[in-house]
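The figures that follow rest on heavy atoms only: side chains count, while hydrogens, waters and symmetry mates do not.
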Amino acid sequence: MKNKLLWRLWAIIGLGTVVLFLAIDWLTNHTETSMSFIADNHQQTLLNYGKQAEHIYLTQGEDALAEYIKHIQLQEQTWAGVVTSKITPFADSELVPLFTDYFQLGRGVEWKIHLYFAQNPIMEVPFVDDATHLLIQLPQRMRPGAFLMMFRLLLQIALPLILLCLLTYVVYQHVMRPLKRLEKATQEFSDGKLDARVTPLLPKRHDELTDIAATFDKMADRTSNLIQNQRQLLADLSHELRTPLARIDMAVDFVEQNLNQAQALERLRYEASTMRSLVEDTLTFSWLSTELPSLNTETFDLVELINVICDDAKFEYPHNMLHCELPEQAMIENSSQVALGQAIENVIRNALRYTPPEKAVSVHLKKLHNTYTLTISDNGPGVPDALCDDIFKPFFRVEKSRTATKMRGEGEAAAHSQKNHGHGMGLALAQRQVHAVGGEISAHNRIDDTAGLTIAIALPINATSTTLASV
Ligand SMILES: Nc1ncnc2c1ncn2[C@@H]1O[C@H](COP(=O)(O)OP(=O)(O)OP(=O)(O)O)[C@@H](O)[C@H]1O
Ligand SMILES: [Mg+2]
């Protein structure tokens with residue numbers, strides 16, 4: 001559902017407000033009603049006055065009763081009296097039980113008292129004969145509802161205030177809980193805890209705030225990957241630089257001791273250029289990985305580009321056979337000639353480097369729908385299947401572990417071997433370059449009888465309308 005949080009807030013606030021009004025209304029009515037009756041002990045006192053008055057009248061006569069009434073008036077500071085209610089119908093009228101049974105001169109002691117009347121009501125306690133009645137204006141001390149005003153203030157001001165504060169707190173907590181977790185994760189992340197994430201802390205929520213949490217997690221994933229990759233890249237680069245630096249030290253020693261000067265100078269020049277290309281490749285790789293640029297400004301003929309690369313390669317590897325199977329023309333739009341050129345060149349050079357001189361490398365380009373597929377297959381040793389993805393990692397070389405141990409400390413032999421093997425940056429760069437023009441690159445060992453590696457590069461004919469790579 002869209003705008004889940006909005007709906008939830010509407011539900012909480014809407015329902016909360018209705019419940020608040022209902023609660024206040026019910027409490028006010030309930031409290032008022034329960035406060036409108038004379039307290040039990042006062043009811044009993046009034047009934048006792050009636051009984052006593054009746055007893056005095058029956059045993060001691062009217063004068064004694066008059067004295068007693070005065071006594072009540074004085075004691076309760078109110079008016080009291082005894083009256084008879086002999087109702088005589090005339091003009092052929094008849095008294096019905098409905099009238100005689102319920103006839104009363106004042107209010108019964110157990111009746112509800114209206115709290116808003118200024119005057120206290122007249123209460124009635126009938127004698128046994130039902131025709132004589134003790135009447136007494138309700139003494140002020142017995143008037144119920146003394147705390148009504150206070151309760152009304154409490155119910156109509158304090159209670160809504162408290163309930164609204166509670167409601168606001170519920171809404172605040174509902175909104176702030178994920179925000180606090182987001183803040184905590186952001187703080188932890190900025191303190192260097194790169195695995196800090198928010199979504200796992202909000203497993204049962206699915207609303208706009210969890211969307212923000214998911215966006216944060218996505219950003220954290222990408223940033224932490226970038227940081228870790230950059231750290232790894234830096235560590236690998238410094239490791240790779242150690243060998244040429246050691247050789248430069250050695251060559252400088254030779255020059256200082258006037259030993260093999262010409263060879264030492266050549267070594268110095270070679271190592272300097274190795275270091276330069278190593279640093280340049282690493283910087284380009286780092287740029288392509290962090291910026292994820294879209295290199296899509298040029299339109300050119302792919303066949304022309306491949307031909308130029310193949311001509312150069314044939315010149316560099318004159319003893320290898322390079323078979324090219326290309327169409328007349330393959331125009332590619334919104335791409336980058338430099339990026340693609342470097343990527344294809346590296347793949348073809350790898351293929352030639354690993355293929356024995358008497359065997360061939362084939363380059364094949366075909367068009368399918370809106371994609372060009374370029375395959376470069378060689379007759380070299382191939383790559384262990386499990387490492388087919390790893391060869392696209394920076395500084396990864398299949399033979400690295402094997403030769404690294406052998407090469408260490410072997411001086412010239414090591415230098416020669418290094419000359420024949422690269423730094424393991426070529427395919428890593430090629431992958432980022434192909435991604436930057438919207439393509440995809442993959443490696444697999446040949447499945448026909450011949451051994452060797454096949455690198456397949458898929459390129460959209462128009463990189464802005466189609467993107468094959470999920471960078
Ligand atoms: N055609 C191939 N046949 C066998 N192994 C290959 C082939 N192409 C690449 N590899 C393996 O993949 C590794 C990585 O290749 P990549 O092109 O990235 O680096 P490199 O050629 O060693 O050095 P660089 O390209 O930086 O000069 C190589 O070291 C090699 O082990
Ligand atoms: Mg290479």
Would you say [X] has more than 12 foreign heavy atoms packed within less than 6.0 Å of its [atom1]?
{"X": "Q230", "atom1": "CD", "value": "yes"}
{"X": "K193", "atom1": "NZ", "value": "yes"}
{"X": "F151", "atom1": "CZ", "value": "no"}
{"X": "Y68", "atom1": "OH", "value": "yes"}
{"X": "M150", "atom1": "CE", "value": "yes"}
{"X": "H444", "atom1": "NE2", "value": "yes"}
{"X": "Q60", "atom1": "CD", "value": "yes"}
{"X": "Q119", "atom1": "CD", "value": "no"}

Pair [X] + [Y], salt bridge at N-O below 4.0 Å:
{"X": "R205", "Y": "D207", "value": "yes"}
{"X": "E345", "Y": "R349", "value": "yes"}
{"X": "R397", "Y": "E240", "value": "yes"}
{"X": "R247", "Y": "D249", "value": "no"}

Exercise. Ignoring hydrogens and geometry, is there a side-chain-to-backbone donor-acceptor pair from R181 to R197 under 3.5 Å?
Worked result: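 Side chain of R181 to backbone of R197, a donor-acceptor pair under 3.5 Å: no, none is there.
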Exercise. Under 3.5 Å, side chain of D25 to main-chain N/O of F21, donor-acceptor pair present?
Worked result: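 Not at all, since once roles are kept as given, no pair shorter than 3.5 Å links the two residues.
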Say you draw a straight line from [atom1] of [X] to [atom2] of [Y]; how long is it, rounded to the nearest 0.5 Å?
{"X": "I332", "Y": "T299", "atom1": "CD1", "atom2": "OG1", "value": "9.0 Å"}
{"X": "D40", "Y": "E110", "atom1": "CG", "atom2": "CD", "value": "11.0 Å"}
{"X": "I306", "Y": "I344", "atom1": "CD1", "atom2": "CD1", "value": "5.0 Å"}
{"X": "R432", "Y": "L288", "atom1": "CZ", "atom2": "CG", "value": "8.0 Å"}
{"X": "N462", "Y": "N334", "atom1": "CG", "atom2": "CG", "value": "4.5 Å"}

Exercise. Aromatic rings F127 and Y57: how do their planes relate, parallel, tilted or perpendicular, breaks at 30° and 60°?
Worked result: tilted
Exercise. Hey, mind stepping through L427 and Q431 against side chain to side chain contact (heavy atoms under 4.5 Å, CB included) and telling me if it holds?
Worked result: CA-CA 6 Å; L427 285 179; Q431 187 188 54; over 6 Å; no
Exercise. Going by atom types alone, do R141 and T78 pair a side-chain donor with an acceptor below 3.5 Å?
Worked result: no
N/O donor to acceptor pairs below 3.5 angstrom from side-chain atoms of residues 89-103, sequence neighbours left out:
{"unit_1": "S93", "atom_1": "OG", "unit_2": "F90", "atom_2": "O", "d": "2.7"}
{"unit_1": "T100", "atom_1": "OG1", "unit_2": "V96", "atom_2": "O", "d": "3.3"}
{"unit_1": "T100", "atom_1": "OG1", "unit_2": "P97", "atom_2": "O", "d": "3.4"}

Exercise. Do Q433 and Q342 pass the side-chain hydrogen bond (donor to acceptor under 3.5 Å, both in side chains) test, and can you show the C-alpha distance, the side-chain angles, and the key distance before you say yes or no?
Worked result: CA-CA 8 Å; Q433 285 159 334; Q342 283 179 0; 2.6 Å; yes
